[in-house]
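The structure appears below as structure tokens.
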Amino acid sequence: MSTDNCIFCKIVLGEIPCRKVYEDDELLAFHDIHPVAPVHFLVVTKEHIDSMAHLDTRHAGVMGRMMVMVHGLAAQQGSTDGFRIVCNTGRVGRQDVFHLHVHVLGGPGPLPGMIARA
Ligand code: AMP
Ligand code: ZN
């Protein structure tokens, strides 16, 4: 796993600025630079993990904590009546940044349908 040229590692280290939503020892949340919904932030592990496909049981704790926290952060950001998490993974998932992150997308209004049917 390479962290040298990883944009999210640079954000974790404070070398690239972000609009922070939340931070603790293991997790950082910040607004997506190109939001696609009224609420759109990312939650990243501070440890560089390439993707969801690179997790193992060592990561169960931090990933569990991430899942448990998301609804509170979404509500804090104004999405009080639900939200969506998206985790693009690998080539098929059209992942662009290979540092594990989940997108948290929210309203106030309902989001569009998940994936347009062809
Ligand atoms: P993906 O890897 O496909 O899940 O998408 C990566 C996401 O990271 C995109 O939604 C980008 O807009 C977002 N992104 C890329 N660079 C930055 C940055 N410097 N700050 C905040 N968000 C970013
Ligand atoms: Zn990284």
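Whatever order the structure lists them in is the order used to number ligands and atoms, beginning at 1. Every heavy atom of this structure was used, including side-chain atoms; hydrogens, water molecules and symmetry mates were not.
Considering only non-hydrogen atoms, atom 11 (C) of ligand 1 lies nearest to Asp32 out of Leu100, Asn88, Asp32, Thr89.
Atom numbering of ligand 1 starts at 1 in the shown order; those under 4.0 Å from a heavy atom of Ile11 are 18 (C), 19 (N), 20 (N). With ligand atoms numbered from 1 in the order given, ligand 1 contributes 8 (O) to contacts under 4.0 Å with heavy atoms of Phe8. Ligand 1 places these atoms under 4.0 Å from at least one heavy atom of His34: 12 (O). Every atom of ligand 1 with a heavy atom of Val97 under 4.0 Å away is listed here by number and element: 2 (O), 6 (C). Below 4.0 Å from some heavy atom of His31 lie the following atoms of ligand 1, by number and element: 21 (C). Close contacts of ligand 1 with Arg94, meaning ligand atoms under 4.0 Å from a residue heavy atom, involve 3 (O).
Put simply, the side chain of Lys20 never gets that close to the backbone of His31: no donor and acceptor are under 3.5 Å apart.
Taking distance alone, with nitrogen or oxygen atoms compared against 3.5 Å, Asp96 approaches ligand 1 more closely than that limit. Geometrically, ligand 1 and Ile33 share a nitrogen or oxygen pair separated by less than 3.5 Å. Residue Gln95 has no nitrogen or oxygen atom sitting less than 3.5 Å from a nitrogen or oxygen atom of ligand 1, judged on distance alone. At under 3.5 Å, not a single nitrogen or oxygen of Ile16, backbone or side chain, sits near a nitrogen or oxygen of ligand 1.
Only side-chain heavy atoms of Leu42 come within less than 4.0 Å of ligand 1; its backbone N, CA, C and O stay farther off.
Every residue two or more places apart in sequence or in another chain was checked for a salt bridge (Lys or Arg N to Asp or Glu O under 4.0 Å) with Arg91, and none qualifies.
In terms of heavy atoms, His99 sits closest to Thr45 at NE2-O, 2.7 Å.
Note: His71 NE2 to Thr80 OG1 = 13.0 Å, rounded to the nearest 0.5 Å.
Crowding of Met52 atom CE: a count of heavy atoms from other residues, nucleotides or ligands under 6.0 Å not exceeding 12.
The distance between the ring centers of Phe8 and Phe30 falls below 6.0 angstrom.
Around the Zn ion (ligand 2), the two atoms SG of Cys6 and SG of Cys9 are separated by an angle of 120°, to 10 degrees.
Counting just the N/O/S atoms of His99, the one with the shortest distance to the Zn ion (ligand 2) is named ND1. Of all N/O/S atoms in His48, ND1 sits nearest the Zn ion (ligand 2).
In terms of hydrophobic clustering, with Ile, Leu, Val, Met, Phe, Trp and Tyr side chains grouped at heavy-atom distances under 4.5 Å, Leu55 and Val70 are assigned to a common cluster.
A salt bridge links Arg65 and Asp24; the closest N-O separation between the charged side-chain nitrogens and carboxylate oxygens is under 4.0 Å.
The aromatic rings of His40 and His103 lie tilted to each other, with the angle between the two planes from 30° to 60°.
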